[in-house]
Amino acid sequence: MNFTEKIAAGVQTAVAKLYDHEVDIDNVMITNTRKEFTGDYTVVVFPFTKVAKKKPVDIGQEVGEALKAGLDLVADFNVVNGFLNLSIDNAYWLQFSQELFKTENFGQAPANGKKVMVEFSSPNTNKPLHLGHIRNILLGWSCAQILDRAGYEVIKTQIVNDRGIAICKSMLAWQKFGEGETPTSSGIKGDFLAGKYYVLFEQKFKAEYKIWQETTVAKELIKDNIKSEQSESDFWKNYKNKYFNNYSELGEEAKAMLLKWEDNDPAVRQLWSTMNSWVYEGFEETYKALGVDFDKLYYESNTYLEGKRIIEDGLEKSVFYKKEDGSVWIDLESAKMDQKLVLRSDGTSVYMTQDIGTAQLRSEDFGMDKMVYVVGDEQDYHFKVLFETMKRLGAPYAEGLHHLSYGMVDLPTGKMKSREGTVVDADELIKDVVEVARLNMVDRNEVTGKGDDEMQEIIRRIGMAALKYFIIKVNPKKRMVFNPNEAVDIQGQTGPYIQYAFVRAKGVYEKALQENINLSLADNYSTLEPVEKELIFQISQYPGLVLQAAEGYDPSMIANYCYGLAKGFNKLWHEVSILNADQPATIAYRVKLSKLMSDTLKDGMQLLGIEMPDRM
RNA sequence: GGCUUUGUAGCUCAACUGGAUAGAGCACUUGACUACGAAUCAAGAGGUUACAGGUUCGAAUCCUGUCAAGGUCACCA
């Protein structure tokens, strides 16, 4: 039982005795005492005014006296307004820290026997990964790590969007204009090569569209359909899709290719798998640079036909209904949503059908209790509909479905737009941050004295820490601004700052080992400075925080915690001496405390996918 | 237009999910190295939490309305 639980129980009995009233233990409000007041924990006594029929200050005084008399660990108390501040006896803090020194795998919750699947990344195979994917990947990876630490069995997965009209566009452009170019022949990374032809298709299509707009067909069309307040260019912008489907030659060819693909045409399938394999090789490199991997991949080309069977079942159970034209729908108006199509009139699947099928497939494969989809917030509605549908279908895991929705990443100049070439490419960004880290290192003249490989690895870890921390410290659901200059910062609330605190603490510990300092003397330490207590207090929050972050699917909580912890240690570093303290017991205690701090920091950062360097 | 998300210091973000005088970093001032490593620390300045009402002991947080920005309303994925 930890301190807050003991205090809560104490408050419960005190209130029962004093005011003859049973309070639910969950309703006892305990917070950490704010810095400007003395104390460690604060009990909010306002809720008791009704039952006690007294002023908050008096209640605080009475409950405080009862706690001080009844609980050994409460050394002292003071009351400010309706807040009862409790100071924990130093002996308890010391005892508590001694226990932590011995604890292995601090922060790891016991296995809870539940399986959770986390889907993230899930790219299209027609272009390379960009900054938006990085946020997705970091969130997904981190979420998986946190759930693991919280006691779940975690399966990391993605659905690879390897089929559809977009891929056919790349394929067609390559076929028409590629002249047999390959990653090997051109030296271009596979995903970039596929992206190159996707862009090329769009350019050619645009040119074709432009010419068509001058034809008599087009002129009559716009005359009949343009709205009075609409400009011509707006009209054509809106008409683009219709042109692609109804008039465009390139569109016609691309659609024909998609049909051939669906018909298993050998030549098209061959081209398709060749180009996709280029892309996969490219992706693999990027994933490796980001330090992530997956346990199981699902390919849309395998799952896009799934789900029809479930639709049939659902029709029998009247979850869905069929219209005269044969299309199948679900009516979600009772849940304040719309009617939604789940099967086209020609019997083919839509996005929703696929997702229903994929969920089912995954359940058959793994039997998970929960499923987390890391997908951008533009799909909020889609997932709301999907989850409600799964609930109505009676899927056993329906209650465990969660959409980890995150906001778009903006640049200081505004939105990333592929058309305007402002998309920040993932590979390039990774290269850039590592390069800035290297230049920083050179500035410090610290390049000497370490092996080249070791140095490169340290630089890489620092650069990646800066990038990753910058992105993951922001609450997922918020839209964020990515300023490249700030992302490579190493001062203040940054990844390298946290790494620095870690390196310091670990350095002290290693030096103590070298000097054969007797660490068991820590048991004799008895004074405990305020900065030390502050640090133990922060460390004590860690396991609870992991559970909270898991429950809220929110890695940013861990990121902010790690910063606070690093800051606490840096403060201690400046206020007291560790290896030069005057008593051997003090030295031993502080060395152990540093070790505990660095272990906790390393664990927390690992949950964010950030590696710690041995030196900096 | 319907539904939905967000709005906090000049900038980037916090605020233990309704608690105390809204906190950090960057940038700007000012102090602290002959290293347990200053990639650090200490201090200063910076706020009508978009706005207006309401709920209550207590609101950045909950409710209503207004404004602003984004998303979404395809037999696309």
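Everything quoted here is computed from the prediction, not taken from an experiment. The chains referred to below are lettered A, B, ... by the order of the sequence lines, with proteins before strands, and numbering in each begins at 1.
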Novice: Look at all strands and tell whether A:V350 reaches a base, only sugar-phosphate, or nothing, counting heavy atoms closer than 4.0 Å.
Specialist: sugar-phosphate
Novice: Atom NZ of A:K242 and atom C1' of B:A74: how far apart are they, to the nearest Å?
Specialist: 11 Å
Novice: Whole angstroms only, please: what is the NZ-C1' distance between A:K323 and B:C75?
Specialist: 10 Å
Novice: Between B:U56 and B:A14, how many Å separate the two C1' atoms, rounded to a whole number?
Specialist: 26 Å
Novice: Taking only the C1' atom of each, what is the distance from B:A35 to B:U40 in whole angstrom?
Specialist: 11 Å
Novice: Contact class for A:M408 vs. all strands (heavy atom < 4.0 Å): base, sugar-phosphate, or nothing?
Specialist: nothing
Novice: Taking syn as within 90° of 0 and anti otherwise, name the glycosidic form of B:U30.
Specialist: anti
Novice: Mind checking the P distance from B:U5 to B:C63? Whole angstroms is fine.
Specialist: 10 Å
Novice: Could you state the atom-to-atom distance from CZ of A:F383 to P of B:A77 in whole Å?
Specialist: 14 Å
Novice: Give A:N580 one of three labels, base, sugar-phosphate or nothing, depending on what nucleic acid heavy atoms sit under 4.0 Å from its own.
Specialist: base
Novice: How far, in whole Å, is B:C51 from B:A59 if one measures between their C1' atoms?
Specialist: 16 Å
Novice: In Å, rounded to the nearest 0.5 Å, how long is the span from CG of A:L129 to CG of A:N136?
Specialist: 9.5 Å
Novice: In this structure, how many angstroms lie between the P atom of B:G18 and the CG atom of A:N27, rounded?
Specialist: 13 Å
Novice: Side chain of A:D489 only, heavy atoms from C-beta on: which candidate in B:C26, B:U12, B:A77 is closest?
Specialist: B:C26
Novice: Spell out yes or no: do the side chain of A:T31 and the base of B:A20 have one donor N/O and one acceptor N/O closer than 3.5 Å?
Specialist: no
Novice: With respect to the side chain of A:V474, which nucleotide from B:C41, B:C13, B:G71 is positioned closest?
Specialist: B:C13
Novice: Is a donor-acceptor contact shorter than 3.5 angstrom present between the side chain of A:D325 and the base of B:C75?
Specialist: yes
Novice: So A:R479, base contact, sugar-phosphate only, or nothing? Heavy-atom distance under 4.0 Å.
Specialist: sugar-phosphate
Novice: Look at all strands and tell whether A:S594 reaches a base, only sugar-phosphate, or nothing, counting heavy atoms closer than 4.0 Å.
Specialist: nothing
Novice: Between B:C13 and B:G47, how far is it from one C1' atom to the other, in whole Å?
Specialist: 15 Å
Novice: What distance, rounded to whole Å, do you find between the two C1' atoms, one in B:A9 and one in B:A22?
Specialist: 11 Å
Novice: I need the CG-P distance between A:N241 and B:C75, as an integer number of Å.
Specialist: 12 Å
Novice: Work out how far the P atom of B:G2 is from that of B:G65, and round it to whole angstrom.
Specialist: 11 Å
Novice: Examine distances only and state if a side-chain atom of A:H382 and a backbone atom of A:Q379 form a donor-acceptor pair shorter than 3.5 Å.
Specialist: no
Novice: Can you check B:C33 for me, syn or anti if syn means within 90° of 0?
Specialist: syn
Novice: Is any side-chain nitrogen or oxygen of A:R504 closer than 4.0 Å to OP1 or OP2 of B:A38?
Specialist: yes
Novice: Just checking, any donor-acceptor pair under 3.5 angstrom between side chains of A:N78 and A:T38?
Specialist: yes
Novice: Any idea which of B:U40, B:A77, B:A24 is nearest the A:E300 side chain?
Specialist: B:A77
Novice: Tell me if a side-chain donor or acceptor on A:R344 pairs with a main-chain N or O of A:S349 at a distance below 3.5 Å.
Specialist: yes
Novice: Which donor-acceptor pairs under 3.5 Å do side chains of residues 544-555 of chain A form with protein atoms, sequence neighbours excluded?
Specialist:
from	atom 1	to	atom 2	distance (Å)
A:D554	OD1	A:S556	N	3.0
A:D554	OD1	A:S556	OG	2.5
A:D554	OD2	A:S556	OG	3.3

Novice: For B:G70 and A:Y406 - does any side-chain N or O of the residue sit under 4.0 Å from the phosphate oxygens OP1/OP2?
Specialist: no
Novice: Mind checking A:F46 for me? I need base, sugar-phosphate or nothing, with any heavy atom below 4.0 Å counting as a touch.
Specialist: base
Novice: Below 3.5 Å, does any donor atom in the side chain of A:N570 face an acceptor in the base of B:C41, or the other way round?
Specialist: no
Novice: Measure from the ring center of A:F48 to the ring center of A:Y19 and say whether it is less than 6.0 Å.
Specialist: no
Novice: Could you check, using the six-membered ring where one of them is a Trp, whether A:Y304 and A:W261 have ring centers closer than 6.0 angstrom?
Specialist: yes
Novice: Out of the candidates A:Y469, A:F502, A:Y563, only one should pair with A:Y497 under the ring-ring contact (aromatic ring centres under 6.0 Å, His included) rule; please name it.
Specialist: A:Y563
Novice: Take atom C1' in B:U17 and the same atom in B:A69, then report the distance between them in whole Å.
Specialist: 25 Å
Novice: Say you draw a straight line from CG of A:L131 to CG of A:L411; how long is it, rounded to the nearest 0.5 Å?
Specialist: 6.5 Å
Novice: For A:K506, answer base if it contacts any base atom (sugar-phosphate contacts may also be present), sugar-phosphate if it contacts only those atoms, and nothing otherwise; contact means non-hydrogen atoms under 4.0 Å.
Specialist: nothing
Novice: Examine B:U8: is either OP1 or OP2 under 4.0 Å from a nitrogen or oxygen in the side chain of A:K478? Give yes or no.
Specialist: no
Novice: Convert the base pairs of RNA chain B into dot-bracket notation, remembering that pairs crossing earlier ones are written with [ ] and that bases paired across to another strand are shown as |; include only Watson-Crick or G-U pairs under 3.5 Å.
Specialist: (((((((..((((.....[...)))).(((((.......))))).....(((((..]....))))))))))))....
